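In this chain, numbering begins with 1 at the start of the sequence shown. Keep in mind it's a predicted model, so treat the numbers as computed, not measured.
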Amino acid sequence: MTLGGKDVHTVDTFGVSNPATGRVFAQAPDCSPAQLDEAVQAAADAFPLWRDDIGARRGALLAAAARIEESAQELATLLTMEQGKPLADAHFEVMVTAMTLRGTAALDLPREVIRDDDEERIEVLHQPMGVVAAITPWNVPLIQAAMKFAPALLAGNTVVLKPSPFTPLSSLALGVVLRDALPPGVLNVVSGQDPLGAQLAAHPTVRKVSFTGSVAAGKHVAASAAPDLKRITLELGGNDAGILLDDFDLDVHADKLFWGAFVNCGQICAALKRLYVPRARYTEVVDALADRARSVEVGDGMLPDVRMGPLATAPQFARVQELVSDALAGGAIAAAGGRRLDGDGYFFAPTILRDLEDGVRVVDEEQFGPVLPVIPYDDIDDAVARANRTHFGLDGSVWSADPERAAAVAARLECGTSWVNTHAMPAPGVPFSGHKWSGLGVAGGLAGLLSYTETKVLHVVRGS
C-alpha cells in the first residue's frame with residue numbers, strides 16, 4: 001500500500017482471482033484499522049501545505065498523467081488479469097485515466113465577485129474540505145479513481161483511495177507509480193476486505209466521501225457519513241433505457257447501439273440495459289443485434305482478437321445466470337446467447353432476449369452483464385412512461401434519423417444524462433450525475449470540481 005508516500009506492507013492478505021480462470025493468482029494487502037488511521041493521518045498532515053498553491057497542484061497532476069502513460073503496459077496488464085477486460089480495453093482505460101488528470105488540471109476554481117465598490121467587497125470563494133475518501137468499484141477501477149482523486153486534489157484536498165477488493169492490484173500499482181509525481185501523503189492507497197470501506201467512510205478525520213458502486217452499498221455509505229455530516233457524492237446503479245423511434249437508421253447505428261449495451265461485458269453503470277423498439281421494426285432490430293452478439297469473440301482478455309472478456313466477479317456471474325434463467329423460464333426467447341460458455345472462468349455468451357415485457361426481473365433490475373432485453377412498444381408516450389417507471393435515473397438514450405425529434409423525446413427521460421443516437425459515451429469535462437436511486441451529487445466538469453469544495457463568502461467592509 002502507499003501511505004504517506006511510503007511502501008507499507010500488511011500482516012494479513014486476501015486472494016485476488018483472475019476472472020478468466022476463476023482461480024486466485026495474487027495476494028493483496030489487507031489494511032488493518034491502525035494502518036487506516038495512519039493513511040488518514042498522512043493525508044491530514046499533507047493537507048495544509050497542499051492546499052496553498054493551485055499552480056503546484058496543476059503541475060503535480062500533469063506530472064502524474066505523464067507517469068501513468070509511461071507505466072501504461074504494467075497497469076493495463078494488471079487490470080486485465082484482475083478484471084478480465086481485453087488488454088486493448090485495459091490500455092484504453094489507462095489512457096483515459098491520464099486524460100482525466102490532464103483535463104482536470106486545466107479547470108479553474110471560480111471566484112465570483114458579487115459587489116466591489118467604495119463601501120464593501122463581497123466575493124464567493126470555493127475552498128477545500130480536507131481529507132477525502134475515494135471508494136471505487138471493480139468495473140473501471142482506474143478511471144473511477146482518477147475521476148475522484150483528480151478533482152479532489154486540484155481543489156486542494158488530500159485523498160485516501162480504497163479500491164474494490166475484487167480489483168485492488170491496478171490501483172495499488174497506480175499508487176506506486178504516482179509516488180514521485182505527488183508529494184507524500186497527498187494520495188494514499190489502501191486495500192482490504194469488508195468492512196474497510198465502511199470504516200474509511202465513517203472515519204472522523206474524513207470530511208468528504210466519494211463512492212461509486214451499488215445502490216445498497218451507497219445507502220450504507222450515506223448512513224456511515226451521516227452522523228458526522230460528511231459531504232458525499234454517490235454514483236450508483238442504473239437501468240438505462242434506450243428508445244428507438246420508428247425512423248431509426250439500423251444500418252447506420254446498429255453497431256453503436258450494440259456496443260452501448262455490451263461495452264466492458266455490459267459492466268458499466270451507464271451502459272444500455274433495456275431497449276424499447278417500435279413493434280413494426282421489432283424483428284429486424286432483434287435479428288441485427290443477435291447477429292452482432294453471435295459474432296463477438298469472447299475469451300481471456302490477454303489473448304489477441306478477443307473483443308469481450310469474462311464477467312469480473314463470481315457473484316456477478318451467478319447473478320447474470322439467475323436473471324437470464326428467470327427470463328427464459330417466464331417465456332422469453334434468447335435470440336442469441338442465453339447461456340454460460342464452456343470452460344473455466346466467468347464467461348457468459350453475449351445475450352439478446354426477445355418476447356418479454358416489463359415486470360420480468362431482467363428488465364426491471366440492473367443486470368450489469370452481457371445481456372440486453374429488447375421490448376416492443378406501440379406508443380411513444382407509453383415507451384417513455386415505461387422507461388421512467390423505475391427507481392433508477394442514471395442515463396437514457398433515444399435513437400432517430402431526426403436528431404431534433406429524438407432530442408424532444410430524450411428531454412422527457414428522468415435521468416442525469418439523455419443521449420441522442422449514442423449511449424454510454426460520457427464526454428470529457430461534462431457533468432455526470434444520477435437522479436432518483438442512481439446517485440447524489442455530480443462528477444465531472446466544473447460542477448464535479450466544485451463538489452470537492454466548500455462555498456465561502458468573503459465580505460470586506462471598507463471605511464467606517
Side-chain angles (χ1 to χ4, degrees), residues 40 43-62 64 100-134 146-160 182-183 185-187 201 203-212 221-222 225-235 416-417 426-435 438-464:
V40 175
D45 291 344
F47 174 62
L49 184 60
W50 177 252
R51 69 175 295 173
D52 284 343
D53 187 347
I54 192 171
R57 300 199 297 268
R58 288 188 206 285
L61 284 178
L62 293 175
T100 300
L101 268 62
R102 285 203 170 90
T104 302
L107 296 173
D108 283 314
L109 283 170
R111 292 177 68 125
E112 178 190 359
V113 178
I114 296 176
R115 180 177 178 182
D116 189 7
D117 54 30
D118 292 340
E119 296 181 2
E120 58 188 356
R121 176 181 176 84
I122 305 173
E123 62 179 315
V124 179
L125 310 179
H126 300 281
Q127 298 185 327
M129 298 176 179
V131 178
V132 171
M147 289 182 66
K148 297 180 187 305
F149 78 73
L153 295 185
L154 183 66
N157 305 285
T158 53
V159 174
V160 178
L182 301 172
V186 165
L187 176 64
H203 197 286
T205 305
V206 169
R207 293 311 313 144
K208 158 126 186 180
V209 181
S210 180
F211 170 84
T212 300
V221 168
D228 199 27
L229 294 180
K230 301 181 195 298
R231 282 36 176 171
I232 57 174
T233 297
L234 304 177
E235 185 202 329
T417 301
V430 175
F432 185 78
S433 64
H435 296 184
S438 287
L440 293 173
V442 181
L446 178 59
L449 174 62
L450 293 179
S451 76
Y452 289 95
T453 67
E454 295 279 26
T455 300
K456 175 174 179 166
V457 174
L458 181 61
H459 190 157
V460 179
V461 176
R462 293 165 171 150
S464 53

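When only modelled atom types and interatomic distance are considered, Tyr452 and Thr233 share no side-chain donor-acceptor pair under 3.5 Å.
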Evaluate side-chain contact (heavy atoms from CB on, under 4.5 Å) for Lys148 paired with Val159, printing each intermediate quantity in order. CA-CA 9 Å; Lys148 297 180 187 305; Val159 174; over 6 Å; no
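Screening Lys208, His126, Arg207, Arg231 against Glu454 for a side-chain hydrogen bond (donor to acceptor under 3.5 Å, both in side chains) leaves a single residue, Arg231.
Contact between Arg57 and Leu109 at its shortest, heavy atoms only, is NH2-CD1, 4.4 Å. Looking at every heavy atom in both residues, Ala150 comes nearest to Leu61 through O-CD1, 3.8 Å. Of all heavy-atom pairs between Ala64 and Leu101, the closest is CB-CD2, 3.5 Å. When every heavy atom of Asp228 is checked against every heavy atom of Pro204, the shortest pair comes out as OD2-O, 3.6 Å.
Rounding to the nearest 0.5 Å gives a distance of 6.5 Å between CD1 of Ile54 and CG of Asp108. Interatomic distance, CG of Leu125 versus CZ of Arg111, reported as 5.0 Å (0.5 Å rounding). Interatomic distance, Thr104 OG1 to Leu107 CG, rounded to the nearest 0.5 Å: 6.0 Å.
Counting only heavy atoms from C-beta outward, the side chains of Glu120 and Val460 never approach each other to under 4.5 Å.
Under a 3.5 Å cut-off, the side chain of Arg462 and the backbone N or O of Asp117 do form a donor-acceptor pair. The main-chain N or O of Met129 is found under 3.5 Å from a side-chain atom of Asn157 such that the two form a donor-acceptor pair. Remark: the backbone N or O of Asp116 is not paired with any side-chain donor or acceptor of Arg121 at under 3.5 angstrom.
The side chain to side chain donor-acceptor pair (under 3.5 Å) test applied to Glu112 returns no partner, not counting sequence neighbours.
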